[in-house]
Every structure is written in structure tokens, then in C-alpha cells.
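Only one structure is covered here, and it is reproduced in the block below.
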There are 2 protein chains.
Amino acid sequence: MPAEWEKHSGCWMLWCQRSDTWRNGGKPGQRAFVEVATAISQFEPVTMGVNADQYENARAMLPSQVRVIELSNDDSWMRDCGATFVVNDNGAVRGVDWVFNAWGGLEKMMYFPWDKDALIATKMSEIEGVDYYRSILVNEGGSIHTDGQGTLLTTESCQLNPNRNPKLSRTEIETQLQDYCGIEKIIWLEQGVFEDETDGHIDNLCCFVRPGVVALTWTDDKNDPQYERSAAAYDLLMSVTDAQGRSLEIHKIHQPNPMYMTQEEAHGLDVVNTAFLRPEGERLAGSYINFYIANGGIIMPQFDDEYDAPAMQTLAELFPNHKVVGITAREILLGGGNIHCITQQQPAP
Amino acid sequence: MPAEWEKHSGCWMLWCQRSDTWRNGGKPGQRAFVEVATAISQFEPVTMGVNADQYENARAMLPSQVRVIELSNDDSWMRDCGATFVVNDNGAVRGVDWVFNAWGGLEKMMYFPWDKDALIATKMSEIEGVDYYRSILVNEGGSIHTDGQGTLLTTESCQLNPNRNPKLSRTEIETQLQDYCGIEKIIWLEQGVFEDETDGHIDNLCCFVRPGVVALTWTDDKNDPQYERSAAAYDLLMSVTDAQGRSLEIHKIHQPNPMYMTQEEAHGLDVVNTAFLRPEGERLAGSYINFYIANGGIIMPQFDDEYDAPAMQTLAELFPNHKVVGITAREILLGGGNIHCITQQQPAP
């Protein structure tokens with residue numbers, strides 16, 4: 001599995017529409033998705049998968065350079081239900097089709113059913129004409145980050161959660177990740193971001209920015225529940241080496257100030273018994289780590305917050321050869337994720 | 001618009017499933033479609049478009065080399081609702097998106113609604129990443145054949161039918177065909193095959209086999225209503241020249257003996273008020289002309305009929321550099337068309 005900064009042939013997304021996740025019938029979310037797709041399309045081809053009933057609207061809202069393809073889905077988290085593309089020793093791209101159980105199966109699913117999402121990885125691979133493999137592992141793309149040199153970052157709170165793979169041992173889970181992603185060493189952090197609905201995906205907490213170098217969401221406020229999570233991650237990262245035996249260089253990126261769902265926002269959502277409830281006052285799991293690395297570009301969330309500019313500055317320093325583009329991303333965050341969660345890179349052959 | 005025998009980058013089809021067109025829940029038809037797709041895939045890549053609810057079944061029934069893509073449709077006549085692909089002077093492939101009204105609009109549609117079919121051409125072009133144009137003409141791909149050298153064959157009974165373009169004059173219709181297909185001369189035959197549900201598509205009656213040479217469905221039985229139709233077409237074809245000023249060489253291909261829908265076949269169909277009724281005893285518009293030209297292959301219908309072998313022999317002589325493959329095609333004919341109707345070539349750039 002190449003690192004995200006390696007050359008892509010394109011980026012995949014899924015159009016947002018479900019009215020229990022995306023307020024006001026999905027319209028504000030769709031505008032944010034258009035901004036993300038448009039920004040990425042400056043750097044690499046973007047394909048937007050869309051349900052049939054939103055096809056014409058999505059085609060009309062998106063710029064012409066974005067490829068719009070019918071792709072039935074239950075929600076828009078391409079990172080998590082989409083194929084993880086890998087490249088074999090001959091340079092051929094292949095799809096990995098993890099088992100998707102909507103972040104927790106019948107014990108803690110975000111919505112029911114999720115049958116359409118479960119077919120996304122297959123359909124992407126078919127469209128691209130690449131071979132694909134089905135892993136037995138319940139896994140989401142947002143739960144893994146790689147450095148492209150044999151190291152994988154993940155969290156115990158998600159990857160070892162009994163709502164994912166209750167019948168697999170830690171060793172068996174590691175073997176699946178190693179075999180399908182070509183990994184030699186897995187670095188296990190304990191927990192993700194506070195109030196993250198995914199049981200703590202790595203991609204909201206910490207990511208590689210190049211081999212041997214990671215970025216970590218951070219807060220200086222010791223009274224914030226995020227503090228001990230980030231501090232524990234920091235300590236662990238300081239104590240380990242990667243697959244190549246390197247110690248890690250860690251860059252802290254201060255999180256935005258705590259954000260909460262407003263009454264107006266909560267009132268814009270349908271209440272549906274089989275989907276996660278998003279009530280007024282709930283804290284949102286905001287993090288600048290949830291950015292996407294395109295070919296020569298960084299697409300990062302902004303929250304109209306005092307920490308926006310410092311986060312952008314840090315990423316600009318960490319990626320001196322990339323253009324950093326900020327997207328006002330509260331609408332995506334309200335849906336339960338951010339820019340990395342709604343994108344999926346396809347590495348070049 | 002290149003001739004069908006020019007090099008293709010692939011072939012498009014749509015999976016059959018509607019139970020008022022395809023008997024026994026579509027299962028016999030699907031097996032025939034698998035045979036057609038498998039045969040074509042020996043010669044060129046095949047993409048099968050499938051409704052979401054049949055995706056897994058289609059993927060399981062089709063061989064792995066056939067690309068299976070979600071493509072919402074009302075029925076499976078890719079020739080008629082699909083994009084007509086053309087090639088510009090720089091060699092770039094473009095899609096033409098004709099208006100589709102289900103073979104006659106509210107006056108004589110084959111089913112209602114047809115909104116999904118009307119989007120197929122757009123979606124094909126998006127998937128392939130080619131630019132596309134929308135013509136104002138109600139037209140179906142089965143209503144036009146070209147020689148790739150400026151000549152187009154069509155029928156008055158379909159193309160000038162008031163259920164297609166009541167507000168356009170013959171000249172305006174010609175201008176649309178000329179402009180979008182790059183045509184200099186249109187040869188108008190009067191009528192198509194007897195009992196053809198399409199108002200007489202050219203692709204069941206007559207086709208080019210190379211520039212200056214056509215094949216025509218024929219019967220020696222002067223009491224068959226098809227006789228005068230074929231004879232009139234023959235006389236007209238003898239009297240005209242093509243865009244290059246050539247007289248036409250005409251090859252008659254004797255039709256299969258008249259076939260009729262059996263009681264068992266008719267009983268396998270749902271009766272739906274908004275779709276064409278297919279009663280027991282109805283004559284089927286069988287013709288060997290309804291074949292597909294692949295890269296190096298001819299995929300032609302067979303009907304367990306005495307004229308199967310002579311037709312195959314004639315096509316083998318007309319296409320000496322192609323391998324002729326016969327497919328038992330009664331199940332496709334029961335749905336109202338044949339192999340050419342369910343396929344659409346995409347020319348190579």
C-alpha cells in the first residue's frame with residue numbers, strides 16, 4: 001500500500017445526501033463536497049460516485065472536470081467503505097475489499113442497512129478494470145495510515161473493538177493488515193479523537209507526512225478530554241521505531257477550539273431510528289489531521305478558528321512541495337468526519 | 001461516426017431484468033446475454049451496465065473479463081438508449097446523446113417511464129471521460145447505420161414517424177443526423193421488418209458490411225408480409241449511390257422461418273399496463289441482419305432454423321477476416337430485439 005503522498009492516478013469521492021446525516025436535505029454538505037472535489041481536481045482527476053436519484057443534481061453542481069459516476073451508496077464516506085488500492089511488485093494496481101459493517105455492525109452501526117456501501121470497493125475496482133481481493137477483516141480505510149515503507153499506524157480502540165472482528169485475535173488482525181497492505185510493522189496507538197464516532201479512527205488523530213515523520217492532533221488544554229489522548233499518543237510515538245528502524249519525528253498540530261452542534265444544525269436533521277442520533281450540543285470531533293494529500297496539493301479543513309492559520313502554516317512547512325488549500329469544513333464535520341474521510345486515493349500504476 | 005467494423009476500444013451492454021419484457025423473471029434472457037457478452041469479450045473488452053439490485057447477480061453470472069458497472073436502466077437496449085460514439089478529426093472520441101422516448105413517446109412507448117434510459121448516454125460518456133453532445137433529435141442507435149465514409153442508412157417508418165420528432169421537418173431531421181454523425185448522404189428505406197416493435201429500425205433490416213456493400217434480410221415467400229418490404233428495400237438500394245458516388249452491392253440473407261411467441265413464453269411475462277403487451281401467437285421479427293461486428297468477430301443470432309447455416313455462411317464470406325460466432329438468440333428476440341439491439345460499440349481513439 002503506497003503512502004498517500006505517492007503519485008495518484010486520481011481521487012474517489014461519494015456524494016452526500018442522506019437527510020439523517022446531512023442537514024437541510026444535504027444541500028449545505030453538497031456545497032462543501034463540491035468545494036473539496038473542485039479543489040482536488042486542480043491536482044488530480046476526481047471521480048464522484050452518486051446515487052441514481054442525485055445523479056443529475058450532482059452533475060449540475062460539480063465542475064465538468066469532475067467525473068460523475070453512478071455508484072449506489074448508503075452514505076458518503078469513501079475513505080471507509082471504498083477500496084484500499086495497493087500496487088504489486090510489477091506496478092499493477094489492485095483493490096482491497098475489506099468487510100464493511102458501518103463502524104460497528106449491529107452493536108454500534110451508524111446506520112442500517114449498509115449493503116450499498118459494502119459493494120463500493122467491488123464496483124470501484126470493476127470500473128477501473130483492476131483485480132481485487134476480498135479480505136475477511138472488518139476494516140475501514142480511515143483506520144489505517146501507511147508510510148509506504150512497511151509501517152502502518154492504527155488505533156486499538158477501533159481496530160481491536162469487538163464490534164469489528166470479535167472472532168479474530170490481535171495477531172490474526174495484524175496478519176490481515178500485513179498481508180493485504182504489505183506491512184512489516186504496525187504501530188498501535190490506544191485511542192482516537194474524543195467523541196469520534198468511528199471508535200477512534202487514526203485518520204482524525206495522527207498521520208504520516210513522510211517516512212519517519214508524523215503529525216498529531218494536539219491541545220494544550222489539560223482540562224480537555226483530548227489532552228490525555230494526544231499525550232498518550234505522543235508518548236507512544238516517541239517510544240517506537242518504524243519498519244525501517246527509524247525513531248519518529250512528531251509534529252503537533254493544535255486542534256481547533258471545541259465545537260458543538262447548534263440547535264439550528266440539529267434541527268436540520270431527520271430523526272431516523274436506524275441511524276446515529278446527532279443531538280444539539282454534541283461535541284464535534286474537529287481535527288486538522290483529517291486532510292487529503294493530492295498530487296502536489298494538500299486539501300485541509302478550516303473551521304473559522306484561531307488555530308486554522310497555525311495548522312495551515314505547519315502543513316505548508318511539512319509539505320514544502322505542495323500547495324495547501326483550506327476548505328471551510330464545518331458542514332463535513334457535522335456529518336461525522338472530514339476531508340480525509342470523504343476521499344480515497346487511487347495510486348498510479 | 002465510424003463504421004461498426006472499424007476498430008473498437010470496447011462494447012457496451014445493459015443487463016436484462018424487467019419481468020414484463022423478459023420471461024421468467026429475466027433468467028433465460030440473462031443467460032443469453034451472458035453468452036453474447038462472453039462471445040464478444042473474446043474479441044474486445046465488454047462493459048455490462050446493471051441496475052443496483054441485479055449487480056451481484058450479474059457479476060456472478062458473467063465471466064470475470066466482462067467489466068460490470070452500475071448503470072440504472074429501464075430496459076436493456078443499449079443500442080437504442082446508449083451513446084452513439086463518434087470520432088473527431090483529431091481522433092478524439094465523443095459521445096452523442098440523442099433524445100430517447102422509448103420508441104414512440106406517450107403515443108407508442110414500449111414502457112413508461114424511461115427516465116433511467118434517458119441518462120445512459122451521459123453516464124457512459126462520464127465513465128469514459130469523453131466529452132458529449134446533446135442532439136435535439138429523438139433517435140435510437142438502431143435506427144442508423146453508417147459506412148464510415150459519409151453515408152447513413154435509415155428508415156422513413158421510424159425516423160420520420162410523428163411519434164419521434166413531430167415538430168421537425170425531414171430536412172431538419174437530416175441536418176441533425178448529418179451534423180452529429182458527420183454524414184453527407186442519407187439513404188432512406190421505406191419500412192423495416194414486419195412486426196418490428198421499433199417502427200422499423202434499419203438494424204433489423206439492412207446494414208453495411210463494408211463501404212459500398214450492404215446485407216439485406218430477405219424472403220423468397222411472396223405470401224410473407226416481409227416479402228414486399230424486402231423487395232422494396234432491394235429496389236431502392238439498387239437505385240441509389242452512396243456518399244462517394246458508388247452503386248451498392250446487395251447481399252440477400254434469407255430470414256428465418258416465421259416464429260411466434262408460444263403460450264408458455266407469453267405466460268412467463270408480467271402484464272403491466274404501462275408496458276407493451278406480448279401476447280401468445282405474436283409473430284417475432286426475426287432477422288439475421290441483427291448481428292454485432294466486434295474486432296475480428298461477428299456475433300450473430302441463430303434460431304434453430306434451416307436458414308441459420310446459410311446466413312452464417314454468407315456472413316463468413318462477407319467478413320473473411322472475422323470469426324463468425326452464432327448465439328442461440330430466441331430469448332433475446334422474445335424481448336423485442338436481437339444482438340445488435342443490445343450492444344453498442346465504442347470506437348478506438
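Each chain gets a letter, A, B and so on, in the order its sequence line appears, and its residues count up from 1. Scope of the values below: all heavy atoms of this structure, side chains included, with no hydrogens, waters or symmetry mates.
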Take a 6.0 Å sphere around CG of B/N273 and say whether it holds more than 12 heavy atoms from other residues, nucleotides or ligands. no
Quick check: under 4.5 Å, non-hydrogen atoms only, which of residues 55-72 of chain A neighbour chain B? A/Y55, A/E56, A/R59, A/V66, A/R67, A/V68, A/I69, A/E70, A/L71, A/S72
Name, in order of residue number, those residues of residues 121-133 of chain A that have a heavy atom at a distance of less than 4.5 Å from a heavy atom in chain B; otherwise write 'none'. A/T122, A/K123, A/E126, A/I127, A/Y132
